[in-house]
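Reckoned from all heavy atoms, side chains included, excluding hydrogens, waters and symmetry mates. This structure is a prediction, so every number in the text was calculated from the model and none was measured.
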Amino acid sequence: MNPYIKEDPWSIIEMGFEPERHEISESLFSLGNGHMGQRANFEEHYSGASLPGSYMAGVYYPDKTRVGWWKNGYPEYFAKVLNSTNWIAIDIFVDAERLDLATCQVQDFVRELSMKAGVLRRTFTATLPSGRAIQVDATRFVSMKHKEIGVIEYNVTPLDADATITIVPSLNGDVMNRDTNHGEQFWDSVACLHDQSRAILTMKTKKLDFYVTSAMQCQLSIDGNTVKTTPTLSNVANQLSNQYVIAAKKGEKVTLHKFVANVTSRDHAIDQLHTVAQAAVLHAQTIGYNQLLREQEEAWDLKWKESDITIEGDVSAQQGIRFTIFQLHQTYSGDDERLNIGPKGFTGEKYGGSTYWDTEAYCLPFYLSTAQEHIARNLLIYRYRHLDKARENARKIGFKKGALYPMVTMNGEECHNEWEITFEEIHRNGAIAYAIYNYVNYTGDRDYLSEYGLEVLIEIARFWEERIQYSEDKQKYVMLGVTGPNEYENNVNNNWYTNRIAVWTMDYAREVITNLQESDAQALLRIREKTQLLDEEIKTWQTISEKMYYPYDDKRNVFLQQDGFLDKELIPVNDLDPQELPLNQHWSWDRILRSCYIKQADVLQGLFFLSDRYDVATKKRNFDFYEPLTVHESSLSPCVHSILATEIGYHDKAYEMYLRTARLDLDNYNNDTEDGCHITSMAGTWMSIVYGFGGLRVSADRLCFTPSVPKQWTSLSFKVIFRHARILITMTQDTVTVENETDIPAKLMIGQSAIDLAPYTHQTIAL
Ligand code: BGC
């Protein structure tokens, strides 16, 4: 346990200011509401190391690709999440001396993120170089109810003597991304309105023409009494600021309330942006800080009522899971089907803020079980809307038919440009097909298949058909030159997982076609005409399925990650010098590629997805072989290992892997939290509780649980929505209680007992 973050069931708390950890804290204490997000940068000027981050969902920049050796098929750009107008800035001067925590003596520094209320608070005492001392207490939140509104309360109290406190709130459009390929600034200023009553700034991206308008309103008070004072206005280099000068007595608290509206051209007509922003910020000001804060608490209260997980007897684990649920809600709310879930959410720039296979493989289950059905459906429709682009993408790299979804995207176009991933990490297509199955199996919404899903399945199956080839030598179908989920191997032949998920997609597409023929032949005909699907294609998928080659080791009875895997020297990770971990920060890429070390679940990913097709003994053999070689240097890895470990009865391992996934960022396991939190893997953490310890599966239209509460916990409880019924499940070491909180009956299965749970009833079962 890292003592730097204090254990607490409902809050993330940092006691004492450690400048060298500041960028990690900026990630951990980030705020978001699905529409916008903000790293925990300081409001006041800070000259120390910091990664500024104010993000607006869906606003991105196509940064021109930069590579040494261009390869045909590379995309022209990489989509970057944009650091937008800095709306939190509040500069502070004490008798004209600027507050900068990098140059002050800082005492009693406490930063607390209340996950219960969605509020960030920071308090400290600073002694400035001149010896002047002040106390600061700053609170902020981005409103869950009024998505375009952010609010700050900033209090300054002179401690040692009367002082002139100068407070300078601003909107600053002069911002850069840390991650730019050509050192470009991505914004142009368009317009501003700045007078005694308003400050409104509109910035526009240099490409794609996204407009972002920010409007601010400020209120000042001393010891709670409103102060009417006229600010001095300044407008320099796209920075609009209001300077307020206040004579404060020793011990008097000077308070600034800053209300900001951030609106974008994604949601409003460009010529309306100023009006909309101004109206929104004035509305916020009228509601007032205290009421906005209450509404924030109520909005979060509702979220927690629907999706909280409680763990009794283990505060560290409790804090970990709440942090993940909190971050997922902050990142994506599902109201806007144009949006998706970037690997870093609103907590950093890395990965470009785009969509990866992470959404389908890791995030979908969280939204399936904790939100209304249309939210998970929206995530699938997002890919349906990109189908044409995925077809184009396949053509672009030489395929005659089918669709290849991009590895990384904002609008359906590929924007990743490392050949071994862009062209070879094609298993992502399988995850998109699997998500359709997962959704339909969970919700029972079979109409989705005829409306959208089957078309996607057909195009993905066609892609696999063309990508797979027949080996005369093996007399089997093979797939050459791929990168599996384990990115510490590139350009391998017959990655077991990719072969398996490809065949699974073709099988599933055939199954859906057969079922639709019976249930709605008209719909099938329409889809077949639209996609011009031929009988012989369906037959070919079947032939491939029957004759696919899967690498296997007869001696150990395990699936082989790829051809030739056993040629490697197999030394368990535990035998490495811990100083060499993480490998990606200590070893050359060449050494990593030649080693046996596995970045993330690969064969095990397949055994997790296709869990119902493999028995426990098979899972155990493969786990025993692969887990000791896995370094978990992708955040997506430990959750899958935790779930499988529970299933095969390795309870200590499951618990160890759970803590690693749940506290990955809080304890900075992979030494990279300063880049942002691992948002998509947080959904995996949720799975490791609900699918792992709760054993949730769906079988024959029943929601099944196989409980296995870690011995460290007294009890575990969580809620899931299944076919519109919301069920509260509470597990102890010896009992399971299921409670139906809705008026919809639910079909459940606990261990071997089938239970039909009537509305508003509960049942307890002894284990
Ligand atoms: C993982 C990928 C993942 C990406 C974004 C990489 O480190 O290997 O599987 O899609 O991160 O989370």
Side-chain angles (χ1 to χ4, degrees), residues 34-35 56-62 75 77-79 81 208-210 264-267 331-343 352-364 367-368 371-397 399 401-416 426 428-440 443 445-463 505 508-509 512 523 526-527 529-533 680:
H35 169 74
M56 302 299 303
V59 174
Y60 66 97
Y61 193 80
Y77 71 89
F78 189 82
V81 62
L208 298 184
D209 294 350
F210 286 111
T264 83
S265 55
R266 289 181 65 258
D267 302 310
T331 306
Y332 181 78
S333 57
D335 321 324
D336 183 343
E337 65 178 40
R338 298 164 300 170
L339 297 177
N340 210 280
I341 307 151
S354 311
T355 313
Y356 287 65
W357 75 302
D358 305 27
T359 296
E360 285 77 16
Y362 293 84
C363 301
L364 184 77
Y367 296 101
L368 261 180
Q372 296 307 315
E373 199 166 294
H374 72 275
I375 300 215
R377 204 174 205 258
N378 274 352
L379 283 173
L380 300 190
I381 288 178
Y382 175 93
R383 293 289 195 179
Y384 177 78
R385 297 213 191 292
H386 290 177
L387 183 57
D388 277 341
K389 290 250 190 304
R391 288 187 180 108
E392 268 172 43
N393 189 37
R395 289 320 150 267
K396 190 171 157 196
I397 56 175
F399 287 81
K401 58 183 197 173
L404 174 61
Y405 278 92
M407 184 67 198
V408 180
T409 194
M410 272 291 188
N411 65 353
E413 285 165 16
E414 176 64 88
C415 58
H416 193 281
I426 49 179
R428 60 198 185 236
N429 249 10
I432 290 164
Y434 184 79
I436 296 173
Y437 158 79
N438 205 0
Y439 168 81
V440 173
T443 61
D445 174 13
R446 294 192 169 76
D447 290 347
Y448 184 78
L449 292 167
S450 51
E451 283 173 48
Y452 305 101
L454 180 55
E455 213 180 312
V456 173
L457 292 173
I458 289 171
E459 293 297 1
I460 293 179
R462 281 174 160 161
F463 169 81
T505 311
Y508 182 50
V512 172
R526 176 181 52 76
I527 297 164
E529 276 171 7
K530 187 168 177 201
T531 54
Q532 305 198 339
L533 180 68
T680 45

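- A salt bridge does not link Glu414 to Lys396: none of the charged nitrogens lies less than 4.0 Å from a carboxylate oxygen.
- Every residue meeting the salt bridge (Lys or Arg N to Asp or Glu O under 4.0 Å) condition with Glu360, not counting sequence neighbours, appears here in chain and number order: Arg383.
- Every residue two or more places apart in sequence or in another chain that forms a side-chain contact (heavy atoms from CB on, under 4.5 Å) with Lys530 is listed here: Tyr384, Glu455.
- Tested against Leu404, the residues Arg391, Glu459, Glu392, Arg428 include a single side chain to side chain contact (heavy atoms under 4.5 Å, CB included) partner, Arg428.
- Partners of Arg338 by salt bridge (Lys or Arg N to Asp or Glu O under 4.0 Å), not counting sequence neighbours, listed by chain and number: Asp267, Asp336.
- At distances below 3.5 Å, not a single donor-acceptor pair connects side-chain atoms of Asn429 with backbone N or O atoms of Ile460.
- Centroid-to-centroid, the aromatic rings of Phe210 and Tyr61 stay 6.0 Å apart or farther.
- Checked by atom type and distance alone, the side chain of Arg395 never pairs as donor or acceptor with a backbone atom of Ala390 at under 3.5 Å.
- Classification of the His416-Phe78 ring pair by plane angle, with boundaries at 30° and 60°, yields perpendicular.
- Residues satisfying the salt bridge (Lys or Arg N to Asp or Glu O under 4.0 Å) criterion with Glu373, sequence neighbours excluded, are absent altogether.
- Applying the ring-ring contact (aromatic ring centres under 6.0 Å, His included) test to Tyr382 and every residue at least two apart in sequence or in another chain returns His386.
- In this view, Arg526 satisfies the salt bridge (Lys or Arg N to Asp or Glu O under 4.0 Å) rule with no residue, not counting sequence neighbours.
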